[in-house]
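Reviewing the structure listed below.
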Protein chains: 2
Amino acid sequence: METTISSKTKTVVIGPDRPFTIIGERINPTGRKLLAKEMAAGDFSRVERDARAQVEAGAHMLDVNAGIPLIDEPAVLAQTIKLVQSITDVPISIDSSVVAALEAGLEAVEGKALVNSVTGEEERLESVLPLVKKYGAAVIGISNDESGISHDPDVRFAVAKKIIERAMDYGIPKEDVIIDPLVLPVGAVQTSGRQVFTLLRRIREELDVNTCCGASNVSFGLPDRHSINAHFLSMAIAHGLTSAITNPVRAELRTAIKAADMLAGHDEYCMAWIQYNRQMQPKTEVRARKQRV
Amino acid sequence: METTISSKTKTVVIGPDRPFTIIGERINPTGRKLLAKEMAAGDFSRVERDARAQVEAGAHMLDVNAGIPLIDEPAVLAQTIKLVQSITDVPISIDSSVVAALEAGLEAVEGKALVNSVTGEEERLESVLPLVKKYGAAVIGISNDESGISHDPDVRFAVAKKIIERAMDYGIPKEDVIIDPLVLPVGAVQTSGRQVFTLLRRIREELDVNTCCGASNVSFGLPDRHSINAHFLSMAIAHGLTSAITNPVRAELRTAIKAADMLAGHDEYCMAWIQYNRQMQPKTEVRARKQRV
């Protein structure tokens, strides 16, 4: 099962037999006070830098979020998407919990976007899925519902299944639903990693759709979060995860994804790994030369 | 299914619901010219340093190999094992392709050792398994036979099954056989990582025995081997690998194993991860202070 997302000029195909898809997470003011303040004041210079840096670091798509309290989120989200599309050529993931903002984003975006996201809550399904259908987009279905995020992976699987069925009822093809199995912090729920690995296998084998994870929630509250996130990603890729919303500018995460792609059999002749290491090396050498001078 | 290995004073239990077991690989002159030369000349100072450093870095067991051309391998292996056991308290993996050396090692060792290894070749099964039974040891069964290492994982699975059955015929309990599914270099066989992940799951689910891998063969010939080995290990642990012969002195590998243990649900309250990071931190702080002075 393959999911196709596109910008005006570029197509990204997410699928189990392809290299992993990286969706850059940085254009998101949640938890980034300075970015929120700048965006609210109409200063988008940091958005531009983050967009360019993530694409340069290997992001195949960019997630765009404008969730800032007290602003006109639909207008700002549409503006941000237009800006990002004017300086990069990758497809967009439109990220909001406000339905009107999702619609404004869908109006603004060029190509076939990914809507991030719909949950299994009735009210969300009924308001978001018609938009996804109307604009011919794809959608991330997050496996929680009215009762919250279940600690029981069987319940999360059932919610995922319901979202897919409801999407199909609205005429959205199954391949345009990507499931996020939800990752709980391992510091709070000891089995949370194992739960996700099992869910990823079941979603692949029983539901046959693509999957997406946030890669950083798992390490919440623990030391050396980047190492945890990196190994969580490679372990999840080993269980069939096909995309993640993450930060490719972090070298640990980029290395994890490249190594995991190769070890999952998705890197012919290891060319991507070898090329990645060639790109890294000159920088190291330049640094070494500078230090010697 | 749990495998118990012991020294005179220490017991190691390898099992799917326990933290991963690290078998230190360094005491092995293969590919280490200087060590080979020193051991051949009766200088065991490097063996002592390697033994101490690996246990300090978290090795639960030590692999001991004395495979140096033209030496009296049985005598040197027995001597090395005695030395290692005199300065550390961890159980021993006796590593040789020479049957007489394995027997000398089994004579020399205190406690219940791990014999590394037997293949599925008839002649090896018939010469090694009676020794394993006689000394009440455990054994690593490597899934190749007379026809070499098959690139077909189903053939490797069948060899593993045969080794377990033959061991049981000799009266060796099933839990004392640990299977090495064999890791081919991903640079030569694109699917080698995926093959191992699938084999690890099948060995767990269908044969119900513990598993062991060398962690470095997978990266042969490729750049940044340590990153590949580290992510290979965490991905393999996510698929049920219960032990590896590896080098815990390398921080990347130690971090991979600790993170994977936690994400596989084998680190209650994340205490081992937190403690590991506390141990790492003082060193970093001392380094930082020194640089400031």
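Residue numbering restarts at 1 for every chain, and letters A, B, ... go by the order of the sequence lines.
Looking only at side-chain heavy atoms (C-beta outward), Asn65(A) and Thr30(A) come within less than 4.5 Å of each other. In this structure, the side chains of Val159(A) and Asn144(A) stay at 4.5 Å or more apart for every pair of heavy atoms. Met61(B) places a side-chain heavy atom less than 4.5 Å from the side chain of Leu114(B). Two residues are said to be in side-chain contact when any heavy atoms from C-beta on lie closer than 4.5 Å; Arg225(A) and Phe220(A) meet this criterion.
Your options are Gly265(B), Ser234(B), Gly193(B), and the one with the most heavy-atom pairs under 4.5 Å with chain A is Ser234(B). Put simply, of Ala259(B), Cys270(B), Ala236(B), the one with the most heavy-atom pairs under 4.5 Å next to chain A is Cys270(B). Per-residue heavy-atom pair counts under 4.5 Å with chain A were compared for Thr191(B), Val218(B), Val196(B), Leu222(B), and the maximum is reached by Leu222(B). Taking His231(A), Lys258(A), Gln195(A) one by one and counting their heavy-atom pairs under 4.5 Å with chain B, the maximum is reached by His231(A). With chain B as partner, the option from Ala260(A), Ser192(A), Ser219(A), Ala188(A) having the largest number of non-hydrogen pairs under 4.5 angstrom is Ala260(A).
Salt bridge annotation for Arg202(B)-Asp154(B): present, with a cationic side-chain nitrogen under 4.0 angstrom from a carboxylate oxygen. With respect to Lys161(B) and Glu206(B), no salt bridge is recorded, no charged nitrogen being found less than 4.0 Å from a carboxylate O. The pair Arg156(B)-Asp145(B) does not count as a salt bridge, with every side-chain nitrogen at least 4.0 angstrom from each carboxylate oxygen.
At a cut-off of 3.5 Å, with distance as the only test, no side-chain donor of Asn229(B) or Ser216(B) sits close to an acceptor on the other residue.
Here the shortest heavy-atom pairing between Tyr276(A) and Ala251(A) reads OH-O, 3.7 Å.
Using a distance-only test at 3.5 Å, with no hydrogens or angles considered, no donor-acceptor pair links the side chain of His60(B) to the main chain of Thr21(B).
Interface remark: Glu268(B) contributes backbone and side-chain atoms alike to the contact with chain A (heavy atom separation under 4.5 Å). Of the atoms belonging to Val189(B), not a single heavy atom falls under 4.5 Å from chain A. Interface residue Phe197(B): only side-chain heavy atoms are found under 4.5 Å from chain A.
Listed in order of number, the residues of residues 174-187 of chain A that approach chain B to under 4.5 Å between heavy atoms are Val186(A), Gly187(A).
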